[in-house]
Amino acid sequence: IELTEPATNRVYPIFIVLPKSYKKQSNKVYPVIYLTDAPYTFPVVAGATRFPMNSGKMREAIIVAIGYEKGSTGSNSRIRDYTLTHAKSWRKQTGNAQGHIEFIKNTLFPFIENNYRASSSQKTYIGNSLGGLFGATILFTMPDLFSNYIIGSPSVWFDNNALLALKVDKPKLPIRVYISVGSMETPDFGEGQNMVEGAEQLTQKINALKSDNIELKSVVISGANHATAFPTTAIQGLDWVLAAE
């Protein structure tokens, strides 16, 4: 489907897959997994969760993936919408994270919850790279927007580690945070930034909050680089937050 952001008239494609039992269990309300970078993440997560959900190893969930602004190139849309500050050194527009959070909160959530049997309290965020940066921004500024955060290879380095300087709000409700990065996401293996160090710094900032409402798990994926880490991050993170009870 396509949703229009009222403030800007930008149109975003939204991809949705419903659980196998959705039609048969007509009274059941399902948790929701929200993804950024839909063209990449949607097929990965929809495919990887199919067997564990259908076999009862993982709670069934509705999967909702947010695409890039219609008519925009993917890189322009994601660099603008997933970054928290206006970085003067970047040619492309940056710094619309707060605007994109408002779109998710005020346009996407109501649409999903009004049109599907979607839980308003059991919501999992998944984002990778700049999408991981965006997820960490939500975690720090509106932590109760989601009940779970799966943050893959976060671009903590963006705009001189601006994320780490953010004033942080503690969650009022219990949340789970899963941070994951590939062991080869460092300059030693050809990566432009030290993503392992960035993930460690993010973990330290969360731990420093000393919040009883945050359950944190941080993982380094052996042998994975920036191009290959995400599928493991997604399925292992979901296995932790949506394991069958």
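Sequence positions, counted from 1, serve as the residue numbers for this chain.
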State yes or no: do [X] and [Y] share one hydrophobic cluster built from I, L, V, M, F, W and Y residues joined by side-chain heavy-atom distances below 4.5 Å, directly or via other members?
{"X": "Ile151", "Y": "Val45", "answer": "no"}
{"X": "Val181", "Y": "Trp240", "answer": "no"}
{"X": "Ile138", "Y": "Tyr82", "answer": "yes"}
{"X": "Val156", "Y": "Met184", "answer": "no"}
{"X": "Leu35", "Y": "Tyr149", "answer": "no"}

Any side-chain heavy atom of [X] within less than 4.5 Å of one from [Y]?
{"X": "Leu139", "Y": "Tyr125", "result": "no"}
{"X": "Leu202", "Y": "Phe140", "result": "yes"}
{"X": "Tyr22", "Y": "Ile62", "result": "yes"}
{"X": "Ser147", "Y": "Leu173", "result": "no"}
{"X": "Leu238", "Y": "Tyr178", "result": "no"}
{"X": "Ile235", "Y": "Met58", "result": "yes"}
{"X": "Val219", "Y": "Thr232", "result": "no"}
{"X": "Arg78", "Y": "His100", "result": "no"}

What's the separation between atom [atom1] in [X] and atom [atom2] in [Y], rounded to the nearest 0.5 Å?
{"X": "Thr36", "Y": "Phe134", "atom1": "OG1", "atom2": "CZ", "answer": "7.5 Å"}
{"X": "Ile112", "Y": "Ser119", "atom1": "CD1", "atom2": "OG", "answer": "12.5 Å"}
{"X": "Ser180", "Y": "Gln236", "atom1": "OG", "atom2": "CD", "answer": "8.5 Å"}
{"X": "Asn54", "Y": "Thr49", "atom1": "CG", "atom2": "OG1", "answer": "8.5 Å"}
{"X": "Asn213", "Y": "Asp144", "atom1": "CG", "atom2": "CG", "answer": "7.5 Å"}
{"X": "Ile179", "Y": "Ser218", "atom1": "CD1", "atom2": "OG", "answer": "5.5 Å"}

Show your working on side chain to side chain contact (heavy atoms under 4.5 Å, CB included) between Phe158 and Thr85 and close with a plain yes or no. CA-CA 9 Å; Phe158 176 78; Thr85 50; 3.5 Å; yes
Please report the closest heavy-atom contact between [X] and [Y], naming both atoms and the distance.
{"X": "Gly182", "Y": "Val220", "value": "C-CG1, 4.3 Å"}
{"X": "Phe146", "Y": "Thr124", "value": "CD2-C, 3.9 Å"}
{"X": "Arg117", "Y": "Gln25", "value": "NH2-O, 2.8 Å"}
{"X": "Leu164", "Y": "Lys205", "value": "O-NZ, 2.9 Å"}
{"X": "Glu185", "Y": "Ala229", "value": "OE2-CB, 3.6 Å"}
{"X": "Pro43", "Y": "Ala38", "value": "CD-O, 3.6 Å"}

Hey, can you pull the donor-acceptor pairs under 3.5 Å for the side chains in residues 187-198, sequence neighbours left out?
residue : atom : partner : partner atom : Å
Asn194  : OD1  : Val196  : N            : 3.3
Asn194  : OD1  : Glu197  : N            : 2.9

Please check if any side-chain donor atom of Asp37 sits under 3.5 Å from a side-chain acceptor atom of Tyr68, or the reverse. yes
If we count only N and O atoms by modelled type, under 3.5 Å, do the side chains of Ser72 and Ser77 hold a donor and an acceptor together? no
For [Y], is there any backbone N or O sitting under 3.5 Å from a side-chain donor or acceptor partner on [X]?
{"X": "Asn128", "Y": "Gly131", "answer": "no"}
{"X": "Thr83", "Y": "Gly95", "answer": "yes"}
{"X": "Thr4", "Y": "Asn9", "answer": "no"}
{"X": "Lys123", "Y": "Tyr34", "answer": "no"}

Donor-acceptor pairs under 3.5 angstrom involving side-chain atoms of residues 10-21: please list them, not counting sequence neighbours.
residue : atom : partner : partner atom : Å
Tyr12   : OH   : Arg80   : NH2          : 3.1
Tyr12   : OH   : Asp81   : OD2          : 2.6
Ser21   : OG   : Tyr30   : OH           : 2.6
Ser21   : OG   : Glu60   : OE1          : 2.4

Give a yes or no on this: more than 12 heavy atoms of other residues, nucleotides or ligands lie within 6.0 Å of atom NZ of Lys57. no
Within a radius of less than 6.0 Å around CG of Asp212, do more than 12 heavy atoms belonging to other residues, nucleotides or ligands occur? no
Quick one: do Thr141 and Leu84 satisfy side chain to side chain contact (heavy atoms under 4.5 Å, CB included)? Show the steps, please. CA-CA 11 Å; Thr141 59; Leu84 64 158; over 6 Å; no
Derivation and outcome, side chain to side chain contact (heavy atoms under 4.5 Å, CB included), residues Phe109 and Leu145: CA-CA 10 Å; Phe109 284 176; Leu145 201 59; 3.8 Å; yes
Under 30°, 30 to 60°, or over 60°: which ring-plane class applies to Phe111 and Tyr116, parallel, tilted or perpendicular? perpendicular
Working for side chain to side chain contact (heavy atoms under 4.5 Å, CB included), residues Leu163 and Leu166: CA-CA 5 Å; Leu163 174 73; Leu166 269 186; 4.0 Å; yes
Tell me, please, which residues at least two apart from Phe230 pass ring pair (Phe, Tyr, Trp, His ring centres under 6.0 Å). Tyr40
